[in-house]
Amino acid sequence: MIVVTGATGNIGRPLTRALAEAGEQVTAVSRHPAAVPDGVRHLVADLAEPVGLRPALAGAKSLFLLLSGDLHALGAHPADLVGEAVDSGVRRIVLLSTLGVVTRPFGATRIAMRELEDTVRESGLEWALLRPGGFASNALWWAESVRAHRVVAAPFGDVGVPVVDPADIAEVAAACLLEDRHTGGAYELTGPEVITPRGQTEALAAALGSPVAFKELTREEARAAMARSMPAELADDTLDILGNPSPAELRVSPDVERVLGRAPRPFADWAARNVTAFR
């Protein structure tokens, strides 16, 4: 059996489905009740209370670990989740980390994630680390304004990064959970090309078949909007990357293709598959 945490998110949903279609027994874990594919067991658990994960881990061979936002905060103890996995007899853990542990290693949240990576490496389990950069699905921040006004409002309109499709992350995670050859790997996951917010706006307009305008926000305007849904430090970190990406954050990684044997999906593909969110 394979346990997938964060099972209702844009990585957990396709990952759960892919594992079930591969014939695996899957337990999907989320904080709230949710619909899951046929044949998948669902359990409600709050990862902030690691002992609550024990019923899901009983009899499990592998764990996909995706942390909720509050587990990146000061005072959280996500390493206890790894201890629960070890005590339950789990043999393999795949951790969703972040490219920031490599490119910007000194922020508090990235220091905590690096410590969690070290806990996974030293756990005695088989392991793989996934380090995605920016997500294509972050464009959903714009969905309401696109639906209501056909406008994308974002900062740094002409500064791009190679955003990764969450479906690619899910496929890489499935491969790491199912295939022994990925044990001990740390994979940096990006899209196939650098794309700016203006470029993403054009892709959304093409998917919709109607014009979408771009409105440039100041950093302060963007921070105020982002801070309503994420810790202020994380908002600042995200804006630092979006406004002034380092060479490492601009690099198109070969790792998606290395694992999956194909190029990563472009943003336009994500936009076409998710266009109903913007209509």
Side-chain angles (χ1 to χ4, degrees), residues 6 8-14 68-69 72 96 98-100 103-104 109 132-170 189-253 256 263-279:
T8 61
N10 56 12
I11 297 171
R13 284 195 304 271
S68 57
H72 293 280
L96 185 71
T98 172
L99 186 61
T103 62
R104 297 178 187 250
T109 58
F135 286 19
S137 54
N138 288 345
L140 291 171
W141 290 342
W142 308 327
E144 184 177 352
S145 66
V146 172
R147 288 195 303 268
H149 307 293
R150 284 295 188 264
V151 172
V152 165
F156 317 121
D158 298 311
V159 181
V161 292
V163 296
V164 62
D165 192 321
D168 284 347
I169 302 173
L189 308 181
T190 73
E193 60 188 357
V194 171
I195 185 167
T196 66
R198 288 188 198 276
Q200 293 180 57
T201 301
E202 292 169 3
L204 288 170
L208 287 163
S210 62
V212 178
F214 182 81
K215 176 185 176 182
E216 184 103 23
L217 297 180
T218 67
R219 180 186 174 108
E220 291 71 25
E221 289 170 335
R223 185 183 187 278
M226 295 168 68
R228 291 195 290 267
S229 59
M230 65 176 66
E233 180 190 4
L234 186 55
D236 283 329
D237 286 348
T238 301
L239 289 166
D240 288 344
I241 294 169
L242 294 178
N244 188 27
S246 69
E249 289 157 347
L250 291 169
R251 186 178 79 97
V252 173
S253 170
V256 169
R265 297 175 174 94
F267 178 82
D269 187 279
W270 179 90
R273 295 196 333 268
N274 293 275
V275 69
T276 55
F278 298 87
R279 285 192 170 132

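Each residue takes its place number in the sequence, starting with 1. Values below: every heavy atom of this structure, side chains too, minus hydrogens, waters and symmetry copies.
- Glu216 places a side-chain N or O within 3.5 Å of a backbone atom of Phe156 that can act as its donor or acceptor partner.
- Atom CG of Leu242 and atom CD of Glu249 lie 9.5 Å apart (nearest 0.5 Å).
- Side chains of Trp142 and Val212 form no contact here, defined as non-hydrogen atoms less than 4.5 Å apart.
- Glu193 and Pro266 get closest at one heavy-atom pair: OE2-CB, 4.2 Å.
- In Glu144, the CD atom is not crowded: 12 or fewer heavy atoms of neighbouring residues, nucleotides or ligands sit closer than 6.0 Å.
- The shortest heavy-atom contact between Pro197 and Pro155 is CG-O, 3.9 Å.
- When every heavy atom of Ser145 is checked against every heavy atom of Ala153, the shortest pair comes out as OG-N, 4.4 Å.
- Using modelled atom types, one side-chain atom of Asp168 and one backbone atom of Arg265 make a donor-acceptor pair closer than 3.5 Å.
- The line from OG1 of Thr98 to CG of Leu189 is 10.5 Å long, rounded to the nearest 0.5 Å.
- How far CD of Glu221 is from NZ of Lys215: 6.5 Å, rounded to the nearest 0.5 Å.
- No donor-acceptor pair under 3.5 Å is formed between the side chain of Thr190 and the backbone N or O of Val252.
- Residues Ile169 and Pro132 come closest through the heavy atom pair CD1-CB, 3.7 Å.
- Counting heavy atoms from C-beta on, the side chains of Arg104 and Asp240 come closer than 4.5 Å.
- Of all heavy-atom pairs spanning Gly9 and Pro14, the tightest one is O-CD, 4.1 Å.
- Closest of all the heavy-atom pairs between Pro245 and Leu250 is CG-CD2, 3.7 Å.
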Q: Evaluate the side-chain contact (heavy atoms from CB on, under 4.5 Å) criterion for residues Val163 and Trp270: first the C-alpha distance (whole Å), next the side-chain angles of each, then the deciding distance (0.1 Å), finally the verdict.
A: CA-CA 10 Å; Val163 296; Trp270 179 90; over 6 Å; no
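- How far CG of Leu204 is from CZ of Phe278: 5.0 Å, rounded to the nearest 0.5 Å.
- For the atom pair Phe214 CZ and Gln200 CD, the distance stands at 9.5 Å (nearest 0.5 Å).
- Of the inter-residue distances, the one linking Asn274 atom CG with Asp165 atom CG reads 7.5 Å to the nearest 0.5 angstrom.
- Between the Arg147 side chain and the Ala277 main chain, a donor and an acceptor come within less than 3.5 Å of each other.
- At a threshold of 4.5 Å between non-hydrogen side-chain atoms, the residues Pro264 and Val164 do not count as touching.
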